[in-house]
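As the structure lists them, so they are numbered: ligands from 1, and atoms in each ligand from 1. This is a predicted model, so every value here is computed, not measured.
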Amino acid sequence: MTTRLGTTITKKIMEEQRQFPKATGDFSGMLYELVVGLKVIAYEVNKAGLMSILGQAGSTNIQGEVQQKLDIFANTTLIHKMDHTGYLCGMASEEVDDIIEIPDRHPQGGKYVLLFDPLDGSSNIDVNVSIGTIFAVYRKISDHPKCTMEDFLQPGTQLLAAGYAVYGSSTMFVYTTGLGVHGFTLDPGVGEFILSHPNMKSPDKGGIYSINEGNSINWDAKTHKVVEHFKANDKTDGRPYSGRYIGSLVADFHRNLLKGGIFMYPPDKKSPNGKLRLMYEAIPLAFIAEQAGGMAIDATGRRILEIPPKELHQRTSLYIGSRQDVETVRKLLG
Ligand code: AHG
Ligand code: MN
Ligand code: MN
């Protein structure tokens with residue numbers, strides 16, 4: 001009897017590399033290493049309740065948010081997994097104020113920069129609700145031997161790859177290099193990600209809207225209008241939509257990608273520029289959304305991928321998901 005494991009992530013990355021005859025293998029090597037780092041985080045997340053890694057670490061990050069122990073674990077795991085590979089010239093993380101240089105004791109001259117949100121949905125860690133990791137990869141563009149801020153502050157249109165892991169009822173890895181979006185499920189028995197969702201496509205129109213309605217007291221009139229639209233009764237248009245909000249962007253996005261719908265984090269009186277981070281939350285997910293046929297804009301109707309980044313931890317408003325739903329919001333926001 002033969003056992004068929006299916007397409008592994010390794011095979012898929014190799015197949016994609018063959019589409020670029022000049023590829024040196026560095027990019028593929030970088031992705032393999034990253035995937036191993038994500039598996040380490042998944043392993044730790046899965047046994048979180050058994051270890052003394054739940055709860056707050058007693059520190060805050062540059063954005064004044066309380067760091068959870070798992071935030072720090074995921075951050076350290078990715079940095080240490082990636083810093084000695086020679087593929088990267090630097091990294092940036094939600095949990096680290098400045099850019100992370102490759103220490104001199106490790107190979108220098110890496111061609112890529114990696115940005116990540118090591119653990120997205122921190123407030124859900126202690127309550128066994130889905131969380132994840134989000135990442136983005138750019139090519140180094142400066143000719144300085146070490147990486148510079150210029151290498152990081154590139155618009156999303158320059159992305160080489162983006163992806164995320166969701167640590168949920170199973171662990172999934174979803175990524176794109178601009179050749180479609182592919183989803184893998186971790187087979188815990190063999191410790192391999194197996195292609196379970198090839199060529200993922202966002203339904204053109206959804207039936208779900210995702211927003212933190214607890215913030216509505218701080219919304220402007222346009223945001224109220226948008227939300228009222230999705231709640232209004234119009235059977236011919238599939239409305240009212242269902243409300244679904246996990247509070248982990250990555251998990252909310254993943255569900256809406258599969259089922260169709262829109263995730264919204266508008267600007268409000270508390271966060272006038274929006275709450276989510278442009279570089280390692282909005283941009284990578286926008287690239288994935290577009291590759292799957294969806295859309296992502298900010299409250300001014302700008303395509304997220306075209307926003308010129310000004311700083312590493314820049315915030316943005318975000319409307320992301322099924323194409324027709326984001327188009328509708330764009331019109332309503334006028
Ligand atoms: P992080 O845990 O990386 O700081 O991100 C939290 C983000 C995002 O995952 C989620 O969509 C959003 O914060 C939830 O914010 P509210 O609690 O304000 O709804
Ligand atoms: Mn996050
Ligand atoms: Mn985070």
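Applying the ring pair (Phe, Tyr, Trp, His ring centres under 6.0 Å) rule to His182 yields no partners; only residues at least two apart in sequence or on another chain are considered.
Salt bridge present: Arg239 and Asp237 bring a charged side-chain N and a carboxylate O closer than 4.0 Å. For the pair Glu327 and Arg330, the salt-bridge criterion is met [side-chain N within less than 4.0 Å of a carboxylate O]. Salt bridge status for Asp151 with Lys146: absent, with no side-chain N to carboxylate O gap under 4.0 Å.
By the 30° and 60° cut-offs, the orientation of the rings of Phe173 relative to Phe184 is tilted.
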Apply side chain to side chain donor-acceptor pair (under 3.5 Å) to residues Thr177 and Glu16 and explain how you reach the verdict.
CA-CA 8 Å; Thr177 56; Glu16 291 206 338; 2.7 Å; yes

Is there a side chain to side chain donor-acceptor pair (under 3.5 Å) between Ser142 and Glu150 once you walk through the steps?
CA-CA 7 Å; Ser142 68; Glu150 182 194 357; 4.8 Å; no

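For the Mn ion (ligand 2), the count of nearby protein N, O or S atoms, meaning those under 2.8 Å away, is 3.
A distance limit of 4.0 angstrom between heavy atoms and ligand 1 selects the residues Glu65, Glu94, Asp117, Leu119, Asp120, Gly121, Ser122, Asn212, Tyr245, Gly247, Ser248, Leu249, Phe263, Tyr265, Lys275, Leu276, Arg277, Glu281.
The closest donor-acceptor contact from the side chain of Asp325 to the backbone of Ile262 lies at 3.5 Å or more, if one exists at all.
Within the structure, ring-ring contact (aromatic ring centres under 6.0 Å, His included) pairs that include any residue of residues 11-31 comprise Phe27-Tyr112 (at least two apart or interchain).
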